[in-house]
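All of these numbers come straight from a predicted model, not from anything done at the bench. Within every chain, numbering begins at 1; the chains are lettered A, B, ... in the order of the sequence lines, protein sequences first and strands thereafter. All values below were derived from every heavy atom in this structure, side-chain atoms included, with hydrogens, water molecules and symmetry-related copies excluded.
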Amino acid sequence: MKSEPDVFSIDDLAARPDQTEPWDGVRSHQAKKVLQSMRRGDQAFFYHSNAKPPGIVGIVEIVREAYPDHSQFDSSSKYYDASAKEEAPKWFMVDCRLVRRLARQIPLEELKQHGSSGGPLADMALFKYGRLSVQPVTRQQWEYVLSLEQQQPGGKSSS
DNA sequence: GCCAACGTTGGC
DNA sequence: GCCAACGTTGGC
């Protein structure tokens with residue numbers, strides 16, 4: 001799940017009551033599908049986009065499954081959608097709770113190194129659909145990223 | 001229904 | 001700030 005730290009960072013999430021926040025503002029049908037597939041108890045990576053450097057900074061847990069995104073009905077919100085009706089919402093959100101920060105940020109550049117030339121992360125949605133704000137992660141990718149967390153920055157995956 | 005114009009995302 | 005990718009809009 002991507003967020004621009006200038007708008008909403010992992011620090012902001014940590015400061016929320018119960019470290020929980022509705023993930024509103026998703027306005028892509030592709031991303032909506034991913035949101036709606038999330039189940040309570042699922043975990044997701046918190047990714048800082050448009051950051052220096054961009055990368056994965058933490059783990060969140062889905063504590064409430066998809067329900068109508070309140071911002072689509074709020075004319076003062078930048079996410080307002082005049083075409084959405086209360087009785088027929090167009091956009092959805094989930095509630096996320098901070099599980100933990102990673103021991104170190106895993107920068108996009110490092111993820112890419114493990115995705116090039118058929119690496120373990122070669123099929124990550126992050127590279128294929130760069131602009132998708134909520135993306136699926138396979139179990140294998142998830143575990144591999146967590147194994148990177150334990151390594152020194154720039155370290156090799158094996159040998 | 002096609003497609004050019006335009007806006008947004010997000011890495012660099 | 002630039003620009004590639006890509007989604008949306010609107011004329012026809």
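- Atom CE of A:Met124 is separated from atom C1' of B:dG11 by 16 Å (rounded to the nearest Å).
- One can place NE2 of A:His48 at 19 Å from C1' of B:dC12, the figure rounded to the nearest angstrom.
- At whole-Å resolution of the value, CD in A:Gln135 and C1' in B:dT9 are 12 Å apart.
- Closest to the side chain of A:Arg131, from the set C:dT8, B:dG7, B:dG11, is B:dG7.
- Residue pairs satisfying the side-chain hydrogen bond (donor to acceptor under 3.5 Å, both in side chains) criterion with at least one member in residues 134-143 of chain A, sequence neighbours excluded, are listed as follows: A:Thr138-A:Gln141.
- Heavy atoms of A:Phe127 sit nowhere under 4.0 angstrom from any nucleic acid atom.
- The interatomic distance linking A:Lys33 (NZ) with C:dG7 (C1') rounds to 14 Å, in whole Å.
- For the pair A:Arg64 and A:Tyr67, the cation sits on the ring face: its NZ or CZ lies under 6.0 Å from the ring centre, inside 45° of the axis.
- At the phosphate of B:dT9, neither OP1 nor OP2 sits under 4.0 Å from any side-chain N or O atom of A:Tyr47.
- Atom CZ of A:Phe73 has more than 12 neighbouring heavy atoms from other residues, nucleotides or ligands inside a 6.0 Å radius.
- In this structure, the CZ atom of A:Arg27 is 15 Å from the C1' atom of C:dG7, given to the nearest Å.
- Note: the hydrophobic cluster containing A:Leu98 also contains A:Trp23 (ILVMFWY, side chain heavy atoms under 4.5 Å, direct or indirect links).
- A:Lys52 comes within 4.0 angstrom of no nucleic acid atom, judged by non-hydrogen atoms across all strands.
- In this structure, A:Lys32 atom NZ and C:dG7 atom P are separated by 15 Å, rounded to whole Å.
- Between A:Lys112 and the phosphate of B:dC12, there is a side-chain N or O to OP1/OP2 separation shorter than 4.0 Å.
- Between A:Leu126 atom CG and B:dG10 atom C1' the separation is 11 Å, expressed in whole Å.
- Taking atom NZ on A:Lys2 and atom C1' on C:dA5, their separation rounds to 11 Å, with Å as the unit.
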